[in-house]
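Values in this document were obtained by computation on a predicted structure and should not be read as measured data. Just so you know, these numbers use all the heavy atoms, side chains as well, and skip hydrogens, waters and symmetry mates. By convention in this document, chain letters (A, B, ...) are assigned in the order of the sequence lines, proteins followed by strands, and residues within each chain are numbered from 1.
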Amino acid sequence: MADKKVRVRFAPSPTGGLHLGGVRTVLFNYLFAKKHGGDFVLRIEDTDQNRYVEGAEQYILDCLNWCGLTPDESPVVGGQYAPYCQSERKALYRQYAEKLVMEGHAYYAFDTPEELDAKRKEIPNFQYGHAHRDELRNSLSLSEHEVDALLDAHTPHVIRIKMPTDETISFNDMIRGHVSFETNQVDDKVLLKADGMPTYHLAVVVDDYLMKISHAFRGEEWLPSAPVHLLLWEYLGWKADMPQWAHLPLILKPDGHGKLSKRDGARLGFPVYAMEWYDAKADEFTPGFRELGFLPEAFLNLLAMLGWNDGGDQEIFTLDKLIEKFSIDRVSKAGAKFDYEKAKWYNAEWIKRTSAEGLKDKVITVLADKGLAVKDDAYLVTVIDAVKERCILLPDFYQQSAYFFEVPKEYDVNSVKPKWNEAKNEFFNVLIGLLKNEASINAVVFEAQFKALMEEKALKAGDVMLPFRIMLVGGKFGPHVFDIAALLGKDETINRIEHALVVFNS
RNA sequence: GGCCCGUUCGUCUAGGGGUUAGGACGUUAGAUUUUCAUUCUAGAAACAGGGGUUCGAUUCCCCUACGGGCUACCA
């Protein structure tokens, strides 16, 4: 066990958008694998044909790709243990289910869904298990003859695990420590469905075994079915190869209670999916962290800190650092409420720490979405450097830098006009003249000239600085005005003063 | 209802038998910036409750409360 190669997997079912909790599960798996020089495999659990959604599989791949959590083995890149979609492995599972029946650990059940519904209504707390299986139609309650007849007639049936009575199943969870269950409390879960597809329960253990998975990390919602999986590993004779389990704490709603869901995002105004998901059935787009302007590095960083920390005060980590520092036993046991404010803080930090060059392509996209084409890349890079510390999400770059590329569409006239007068008008006209005599604008020199003129005209900084800013920017924001003027250049600065003067004087 | 898991500032968390219970987000107040943001300084803010064990419990044990998960031929 100890010297077994580390192999972990993420096994989503392709049913819709990839939830942030799912990405965190991927991340923890990935970090653990990379830390231990192991493999990270992506396996698609598409055993439920009713819930299968076209395009969801590719979408999951795209999300992982955006995050930079690329699987070593997957349906697209393949691998030694292909295929990686359970639907393509369908034929494989039946033999194991049959083997369990042969050995008395499982049985055929012929009950129809209607019959089971009736039972559930009739008996409070009904469970298909030791207490009631004799009253139902299965190969345990029926005679061998009856069973053979039903089988020969191709009667629809499932295979259920036969939970033992009066046993305690326990195991050591890497996060939670000792966990135990009474078998009497666990029902006889379906292993193989009537359509021949395995349920999750059978499929995970068979595939984890076949794919030589060494560590299985999944959400806490799986904890109650762990005893079924444990028993299956044992009954199938693979106990020595069973992976080590870790059940990750859930990500909860920021307000109220419960697991975080897509609805909460819409309700509270933040993304829940990694990337935009289009639900064809509802004809509805749900934006993701990517569309709202999160950097993948920030997204990963904030996810990592939801339920894990390295023990120190550090909160900003690169993927490489996370790999270096990650330890599964430092994952906390309790669920974490998602805090969008903090999530945004991580992104702002990452924007500040990313070079302008590194941000360039993303900013170009943001501006292009708003119809702003950037012609001069070098100019854009200086602009990004000038404004990035006031951007929290990528789209903020539009508001913060559009005026570097075009004359403001609107002016915050309310901040200027009430106090506008002829003296100020004259000041700016003189300033234009001054500017025209210069070859170019140097921020420091220009500031000195500007202030000298201010004194000469007996104006206070408060009188002209804000109007000047609004002339160049349109509003009360942005870097130092003189830096903006220098970046804009002499001609454009003059142009904007003249342009704004018309508006202010009207 | 049953079973399982959990519980430190509003939130994410550190800590762990003797601490002024630490950090971060957010928040409040100040400083810097005659814009906005950044940055800086300071402040308010927590061990769910009750029993044990112990010289001493927030830390260990038990109970209660509360929260969450599961309870499908879904994953």
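If you check every strand for non-hydrogen atoms under 4.0 Å, A:Ser332 touches sugar and phosphate atoms only. Using a 4.0 Å heavy-atom distance criterion, A:Val190 is classed as a sugar-phosphate-only contact. Using a 4.0 Å heavy-atom criterion, one finds that A:Ser415 contacts no nucleic acid atom at all. Residue A:His480 is in base contact, counting any heavy-atom pair closer than 4.0 Å across all strands shown. Residue-level contact check: A:Ala194 touches the bases, meaning some heavy atom is under 4.0 Å from a base atom. A:Gly462 comes within contact range of at least one nucleobase, with a heavy-atom separation under 4.0 Å.
The same atom, C1', is picked in B:C9 and in B:A21; the two are 11 Å apart, to the nearest Å. Comparing B:U8 with B:C66, their C1' atoms are spaced 15 Å from each other, to the whole Å. Comparing B:A46 with B:U19, their C1' atoms sit 15 Å apart, to the nearest whole Å. Nucleotides B:C25 and B:G18 are separated by 29 Å at their P atoms, to the nearest Å. Nucleotides B:C5 and B:U64 are separated by 14 Å at their P atoms, to the nearest Å. Comparing B:C4 with B:G15, their P atoms are spaced 28 Å from each other, to the whole Å. Comparing B:A24 with B:A44, their P atoms are spaced 15 Å from each other, to the whole Å. When the C1' atom is compared between B:U28 and B:A14, the two are found 24 Å apart, to the nearest whole Å.
The salt bridge (Lys or Arg N to Asp or Glu O under 4.0 Å) analysis of residues 452-477 of chain A, with sequence neighbours excluded, yields the pairs A:Glu426-A:Lys457. For residues 13-29 of chain A, no pair satisfies side-chain hydrogen bond (donor to acceptor under 3.5 Å, both in side chains), with sequence neighbours left out.
Comparing A:Lys352 and A:Glu315 against RNA chain B, the residue whose closest nucleotide sits nearer the 5' end is A:Glu315. With the nearest nucleotide of RNA chain B identified for both A:Arg469 and A:Leu192, A:Arg469 has the one nearer the 5' end.
Taking side-chain N and O atoms only, A:Lys259 has a distance below 4.0 Å to OP1 or OP2 of B:C70. Residue A:Lys344 places no side-chain N or O under 4.0 Å from the OP1 or OP2 atom of B:G26. Applying the 4.0 Å criterion to OP1 and OP2 of B:A72, one finds that A:Thr199 has every side-chain N and O outside that range. Contact check, A:Asn125 against B:G1: no side-chain N or O comes under 4.0 Å of OP1 or OP2. Regarding contacts with the backbone of B:C74, every side-chain N or O of A:Thr47 stays at 4.0 angstrom or more from both OP1 and OP2. Here A:Lys193 reaches the OP1 or OP2 of B:C74: one of its side-chain N or O atoms lies under 4.0 Å away. Applying the 4.0 Å criterion to OP1 and OP2 of B:G69, one finds that A:Arg176 has every side-chain N and O outside that range.
Base-pair partner of B:C40: B:G30 (Watson-Crick or G-U wobble, both distances under 3.5 Å). The partner of B:C70 is B:G2, by the rule that a Watson-Crick or G-U pair needs both atom distances under 3.5 Å. If you check B:U20 for Watson-Crick or wobble pairing at under 3.5 angstrom, you find it has no partner at all.
Listed by residue number, the members of residues 381-390 of chain A with any heavy atom below 4.0 angstrom from RNA chain B are A:Glu389, A:Arg390.
In this view, A:Arg51 satisfies the side-chain hydrogen bond (donor to acceptor under 3.5 Å, both in side chains) rule with no residue, not counting sequence neighbours. Every residue two or more places apart in sequence or in another chain that forms a ring pair (Phe, Tyr, Trp, His ring centres under 6.0 Å) with A:Phe504 is listed here: A:Tyr411, A:Trp420.
Taking atom OH on A:Tyr200 and atom P on B:U71, their separation rounds to 13 Å, with Å as the unit. Whole-Å rounding puts the A:Asn347 CG to B:A37 P distance at 18 Å. At whole-Å resolution of the value, NZ in A:Lys337 and C1' in B:C25 are 15 Å apart. Between the CG atom of A:Asp187 and the P atom of B:A72 there is a distance of 7 Å, given to the nearest Å. Regarding A:Asp46, its CG atom lies at a distance of 10 Å from the P atom of B:A75, rounded to whole Å. Taking atom NE2 on A:His247 and atom P on B:C3, their separation rounds to 20 Å, with Å as the unit. Rounded to whole Å, the distance from CZ on A:Phe317 to P on B:C12 is 18 Å. Atom pair A:Lys121:NZ and B:A72:C1' shows a separation of 14 Å (rounding to whole Å applied).
Without hydrogens or angle criteria, A:Tyr59 side chain to A:Leu18 main chain gives a donor-acceptor distance under 3.5 Å. Put simply, the side chain of A:Arg137 never gets that close to the backbone of A:Asp111: no donor and acceptor are under 3.5 Å apart.
Considering every non-hydrogen atom in both A:Ala485 and A:Phe446, the closest pair reads CB-CE2, 3.9 Å.
For the pair A:Glu315 and A:Lys342, the salt-bridge criterion is met [side-chain N within less than 4.0 Å of a carboxylate O].
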* To do: Would you sort out whether A:Phe10 and A:Phe28 count as a side chain to side chain contact (heavy atoms under 4.5 Å, CB included), showing the intermediate values?
  => CA-CA 10 Å; A:Phe10 176 55; A:Phe28 286 2; over 6 Å; no
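Comparing atom distances between the A:Arg51 side chain and each of B:C74, B:U7, B:C4 picks out B:C74 as nearest.
A donor-acceptor contact under 3.5 Å is not formed by the side chain of A:Lys189 with the base of B:A72.
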Donor-acceptor list for residues 216-224 of chain A side chains, cut-off 3.5 Å, not counting sequence neighbours:
from: A:Arg218; atom 1: NH1; to: A:His247; atom 2: NE2; distance (Å): 3.0
from: A:Arg218; atom 1: NH2; to: A:Tyr200; atom 2: OH; distance (Å): 3.2
from: A:Arg218; atom 1: NH2; to: A:His229; atom 2: NE2; distance (Å): 3.1

